[in-house]
Amino acid sequence: MAVTTETLAGAFIGARRGHKLVDIATLPVPADVDAGFAAQAEVNQGMGYPLAGWKVSLGEGGRPMAGLMPGPYLKSGDTYRGVHGAELRVEIELAIRLGRDMPLRPGQPYTRAELIEHCDAALVGIEIVESRIADWTNVPFPLWLADAMGHGGYLIGPDVPFSIFDDVPALTCTVELDGDVLYERQALHANGDPLVTALAWANRPVEGPLGPLKAGQIITTGSLCGGVLAPTVGPVIARLDPVTAISFALAEQGD
C-alpha cells in the first residue's frame with residue numbers, strides 16, 4: 001500500500017502544483033477506502049494545506065466519508081480559476097462553522113443538538129467540483145476519495161439560521177451561467193436532513209489520517225442540487241431561494 005499511496009500522492013501533488021490534469025490510466029487505485037484516506041492525507045501534507053474545512057458524505061453501508069477543503073475560501077463576486085480542460089460542476093450547499101473543537105467520543109456519540117451547540121454559524125456555500133483526474137466518470141471510489149472527492153474550491157455565502165436545516169424542501173436551487181438557466185428545482189439533499197452527514201463524520205469510529213474536528217473549520221454537508229455541469233466558463237449566479245443569491249465567475253487559469 002505504501003508504494004501505491006506514495007505514487008498516487010505524488011501524482012496528485014504534481015497535478016496541483018503544475019495546474020494540470022492526470023490521466024486515470026496512469027494512476028494506481030487504492031486498495032480500499034482506508035488507503036484512499038491515507039493518500040488524501042499525504043497529498044494534504046505534501047501541499048502544506050491547512051486543516052480549514054471538510055466536505056462530508058455517507059458511503060457504502062453508511063460509513064462517513066470526507067474530503068479536505070483547504071481554502072482559501074472565496075466570497076460572492078470572486079472568480080474561481082480552473083485548470084484548462086477540467087470539468088467544473090457547481091453545487092449549492094448548506095454548511096456549518098465549528099465554534100468549538102469536537103474531539104472523538106467513542107461510545108458516547110454526539111447528538112444532532114450537540115453538533116449544533118458546537119457551531120457558531122450556519123451558512124450557504126457553493127462548492128466547485130474540479131477533480132485532478134482528467135476523466136473521472138467511472139473513477140473507483142477509493143481513488144475519488146484520494147482526490148478529496150473532487151473538491152476544487154468553496155465560496156462562503158451569508159450566515160443563515162440553523163432552522164434552515166429543518167425544511168430543505170421549502171427551498172429552491174437555481175444555477176445560471178452567463179444568463180442561461182442550467183438548473184432550477186426544489187432543493188433536495190440525498191440524506192434528507194443535511195446535518196446527517198456532518199453528524200456521521202463527528203461520530204466516525206476512529207480518528208483517521210485526516211485529523212480532528214477543530215474550532216473554526218467549515219463543514220459543508222452535501223449538495224442540494226446535485227453537481228450542475230458548467231458547459232463553459234463565465235459569470236454564475238447561484239440562488240437558494242428565498243434565502244440568497246451568490247454571484248461569482250468561472251474562468252480558466254491564465255485568463
Exercise: identify the closest heavy-atom pair between Gly67 and Gln40: CA-OE1, 3.2 Å
Asp101 side chain vs Pro103 backbone, donor-acceptor pair below 3.5 Å: no
Heavy-atom closest pair, residues Cys225 and Glu91: SG-CA, 4.0 Å
Modelled atom types, side-chain donor and acceptor of Thr220 and Tyr154, under 3.5 Å: yes
Asp193 backbone acceptor or donor facing Asn191 side chain under 3.5 Å: no
Pairwise distance CG(Leu213) to CH2(Trp201) - rounded to 0.5 angstrom: 8.0 Å
Cationic N near anionic O, under 4.0 Å, Arg112 to Asp166: yes
Heavy-atom closest pair, residues Pro194 and Phe165: CB-CD2, 3.9 Å
Trace of the side-chain contact (heavy atoms from CB on, under 4.5 Å) decision for Arg16 with Ile13: CA-CA 5 Å; Arg16 289 173 182 267; Ile13 290 170; 5.8 Å; no
Pair Arg89 + Glu87, salt bridge at N-O below 4.0 Å: yes
Val175 reachable from Ile237 in the ILVMFWY side-chain graph, under 4.5 Å edges: no
Common cluster, Leu104/Ile219, ILVMFWY with side-chain heavy-atom separation under 4.5 Å: no
Parallel, tilted or perpendicular, as decided by the 30° and 60° cut-offs, for the rings of Tyr110 and His118: perpendicular
Side-chain donor or acceptor of Asp147 paired with backbone N/O of Trp144 under 3.5 Å: no
Heavy-atom closest pair, residues Ser131 and Trp136: CB-CD1, 3.4 Å
Flag, side chain of His151 to backbone of Pro70, donor-acceptor distance under 3.5 Å: no
Backbone N/O of Val236 and side chain of Glu176: donor-acceptor pair under 3.5 Å: no
Point-to-point distance, once rounded to the nearest 0.5 Å, from CD of Glu127 to CD1 of Ile92: 12.5 Å
Ser76 side chain vs Ser247 backbone, donor-acceptor pair below 3.5 Å: yes
Joint cluster assignment, Met69 & Leu115, ILVMFWY side-chain distance < 4.5 Å: no
Donor-acceptor pair, side chain of Lys55 and main chain of Met149, under 3.5 angstrom: yes
Side chain Arg97, main chain Ala95, donor-acceptor under 3.5 Å: no
side-chain hydrogen bond (donor to acceptor under 3.5 Å, both in side chains) partners of Ser163, counting only residues at least two apart: none
Residue pair Leu27, Leu8: steps toward the side-chain contact (heavy atoms from CB on, under 4.5 Å) verdict: CA-CA 6 Å; Leu27 297 173; Leu8 185 56; 3.9 Å; yes
Tyr183 versus Leu224, closest heavy-atom pair with distance: OH-O, 4.4 Å
Partners passing side chain to side chain contact (heavy atoms under 4.5 Å, CB included) against Ile24 (at least two apart in sequence or in another chain): Ile133, Val139, Pro140, Leu143
